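Following: one structure in structure tokens, then a few remarks.
This structure is a prediction, so every number in the text was calculated from the model and none was measured. Just so it is clear, the values below take in all heavy atoms, side chains as well, and ignore hydrogens, waters and symmetry mates. Sequential numbering from 1 along the given sequence is applied to the chain's residues.
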Amino acid sequence: MNPATREKLMGVSVATLCSALFKRGLRNQTIQDVRPVQPKGRNMVGPAFTLRYMPAREDRNAMNVFRNPKHPQRLAIETCPEGSVLVMDSRKDPRAASAGDILITRLMMRGGAGVVTDGGFRDAMTIGGLDIPAYHNRPSSPTNLTLHEAIDINVPIGCGDVAVFPGDIMVGDDDSVIVIPAEIADEIADEAVEMTAYEDFVTERVKQGHTIIGLYPATDESNLTLFAEWRKVSGR
């Protein structure tokens with residue numbers, strides 16, 4: 001992805017991105033029922049690389065399937081490009097884990113920008129302590145083989161009720177994760193930076209005791225004049 005776009009998206013909130021996408025008619029881009037394993041205080045940004053699970057069938061999911069070097073779960077960890085976010089479709093079912101700490105550590109060491117599942121992680125406390133941003137529904141100790149079969153990588157998936165296509169731009173903060181269609185990521189990033197600057201100005205004014213009426217949104221033109229002056233002073 002465009003390095004400048006990545007840098008811009010590192011400094012904006014998922015909430016602001018929701019508003020920017022809402023203006024374009026995209027109202028359901030936030031992955032539902034997924035949250036940080038442990039807040040990192042910084043954003044996760046990167047193109048989506050996907051892994052799809054399907055319901056497990058007992059005759060296909062014995063422990064020895066992991067001996068296959070082409071097992072899709074293992075292959076996803078070993079082929080997710082540096083700077084990308086591994087996004088897993090675990091059918092919104094956290095009763096069995098999507099992955100554990102060893103695999104996520106390997107993803108981190110290979111330069112993955114983050115990992116997202118609409119299921120759960122085993123060894124979640126350990127994953128939370130890693131430097132890589134990780135998002136899931138809740139901790140889940142059973143192996144994925146209990147309920148899930150990893151079936152395909154880097155194909156369109158659903159994750160938390162959101163369509164995710166390979167290459168879509170994933171942004172996560174300490175609240176949640178959003179999916180930005182790749183073709184509009186640059187313009188969304190630009191708009192979100194502008195929105196964030198105004199929101200910071202508004203927050204400062206509100207803390208000074210000013211009303212939100214006419215300020216948020218800026219229906220009073222005098223606030224836009226004050227905003228322009230604020231930007232000059234603050235370097236924003």
Side-chain angles (χ1 to χ4, degrees), residues 1-48 82-85 87 111-114 116 128 131-135 160-165 167-236:
M1 65 179 294
N2 184 335
T5 297
R6 184 191 295 271
E7 184 64 25
K8 291 171 185 174
L9 291 173
M10 288 295 293
V12 300
S13 71
V14 168
T16 297
L17 293 169
C18 285
S19 297
L21 289 167
F22 182 90
K23 293 176 183 178
R24 288 163 174 77
L26 293 167
R27 302 184 176 191
N28 299 290
Q29 298 302 113
T30 305
I31 295 180
Q32 297 299 306
D33 297 321
V34 163
R35 55 198 61 85
V37 176
Q38 182 172 301
K40 299 298 182 188
R42 69 179 192 276
N43 281 6
M44 171 191 76
V45 179
E82 182 178 356
S84 291
V85 175
V87 186
V116 181
D131 193 47
I132 186 171
Y135 297 79
D161 294 324
V162 180
V164 182
F165 292 86
D168 281 349
I169 303 304
M170 310 296 298
V171 181
D173 61 13
D174 284 350
D175 287 339
S176 53
V177 180
I178 196 164
V179 184
I180 306 174
E183 62 272 14
I184 62 171
D186 293 348
E187 63 187 77
I188 290 292
D190 288 341
E191 181 171 347
V193 167
E194 293 300 305
M195 291 172 65
T196 299
Y198 187 72
E199 289 166 357
D200 289 348
F201 164 73
V202 167
T203 299
E204 189 173 303
R205 296 284 288 174
V206 169
K207 286 181 177 179
Q208 293 168 353
H210 294 279
T211 178
I212 60 170
I213 305 302
L215 174 65
Y216 188 67
T219 53
D220 183 340
E221 289 293 324
S222 66
N223 284 312
L224 294 178
T225 301
L226 290 171
F227 175 51
E229 294 171 356
W230 178 87
R231 295 193 83 166
K232 289 179 181 177
V233 172
S234 65
R236 298 286 295 278

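Pairs of residues two or more places apart, or lying in two chains, never qualify as ring pair (Phe, Tyr, Trp, His ring centres under 6.0 Å) while including a residue from residues 17-37. Among pairs with a residue in residues 182-204, those fulfilling ring pair (Phe, Tyr, Trp, His ring centres under 6.0 Å) read Tyr198-Phe201, Tyr198-Phe227, Phe201-Phe227, Phe201-Trp230, at least two apart in sequence or across chains. Sorted by first and then second residue, the pairs that involve residues 18-31 and meet salt bridge (Lys or Arg N to Asp or Glu O under 4.0 Å), not counting sequence neighbours, are Lys23-Glu191, Arg24-Glu187, Arg24-Glu191. Listed by first and then second residue, the side-chain hydrogen bond (donor to acceptor under 3.5 Å, both in side chains) pairs involving residues 8-22 are Lys8-Asp190, Ser13-Thr16, Thr16-Glu199 (not counting sequence neighbours). Listed by first then second residue, pairs satisfying side-chain hydrogen bond (donor to acceptor under 3.5 Å, both in side chains) with a partner in residues 176-186 read Thr5-Asp186, not counting sequence neighbours. A ring pair (Phe, Tyr, Trp, His ring centres under 6.0 Å) check over residues 171-195, counting only residues at least two apart or in different chains, returns nothing.
Listed by chain and residue number, Asp220 satisfy the side-chain hydrogen bond (donor to acceptor under 3.5 Å, both in side chains) test with Ser222 (two or more places apart in sequence, or in another chain). For Asp161, the side-chain contact (heavy atoms from CB on, under 4.5 Å) partners at least two apart in sequence or on another chain are Gln32, Lys92. Residues passing the side-chain hydrogen bond (donor to acceptor under 3.5 Å, both in side chains) test with Arg205, sequence neighbours excluded: His210. Partners of Asp33 by salt bridge (Lys or Arg N to Asp or Glu O under 4.0 Å), not counting sequence neighbours: none found. Residues satisfying the salt bridge (Lys or Arg N to Asp or Glu O under 4.0 Å) test with Glu204, not counting sequence neighbours, are none. Residues satisfying the side-chain hydrogen bond (donor to acceptor under 3.5 Å, both in side chains) criterion with Asp200, sequence neighbours excluded, are Arg236.
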Item to complete: May I have the step-by-step check of side chain to side chain contact (heavy atoms under 4.5 Å, CB included) for Val14 and Val177, ending in yes or no?
Response: CA-CA 7 Å; Val14 168; Val177 180; 5.9 Å; no

Worksheet item: After noting the C-alpha distance and the side-chain angles of Ile31 and Ile178, does the key distance pass the side chain to side chain contact (heavy atoms under 4.5 Å, CB included) rule?
Response: CA-CA 6 Å; Ile31 295 180; Ile178 196 164; over 6 Å; no

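In this structure, Gly83 and Pro47 approach most closely via the heavy-atom pair O-CD, 3.4 Å. For the residue pair Val85 and Ala113, the shortest heavy atom distance occurs at CG2-CB, 4.0 Å. In plain terms, the two heavy atoms of Met44 and Pro133 that are nearest each other are CB-CB, 3.8 Å. The minimum heavy-atom distance between Ala48 and Val164, with the atom names listed, is CB-CG1, 3.7 Å.
Looking only at side-chain heavy atoms (C-beta outward), Leu9 and Ile169 come within less than 4.5 Å of each other. Taking the side chain as every heavy atom from C-beta outward, Leu17 and Ile188 approach each other to under 4.5 Å. The side-chain heavy atoms of Ile184 and Leu26, taken from C-beta on, include a pair separated by under 4.5 Å. By the 4.5 Å heavy-atom criterion applied to side chains, Asn43 and Asp174 are not counted as neighbours. Side-chain contact between Val206 and Leu215 is present, with heavy atoms from C-beta onward closer than 4.5 Å. Within the 4.5 Å cutoff, no side-chain heavy atoms of Val162 are placed close to those of Asn28.
Here Thr30 contributes atom OG1 and Leu21 contributes atom CG; the two are 8.0 Å apart, rounded to the nearest 0.5 Å. Met1 contributes atom CE, which lies 10.5 Å from atom CD of Glu7 (distance to the nearest 0.5 angstrom).
One N or O on the side chain of Asn223 and one on the backbone of Gly214 form a donor-acceptor pair closer than 3.5 Å. A donor-acceptor pair is defined here as one N or O able to donate and one able to accept, closer than 3.5 Å; no such pair exists between the side chain of Tyr135 and the backbone of Gly114. Judged purely by atom type and a 3.5 angstrom limit, Gln29 has no side-chain atom pairing as donor or acceptor with the backbone of Ile180.
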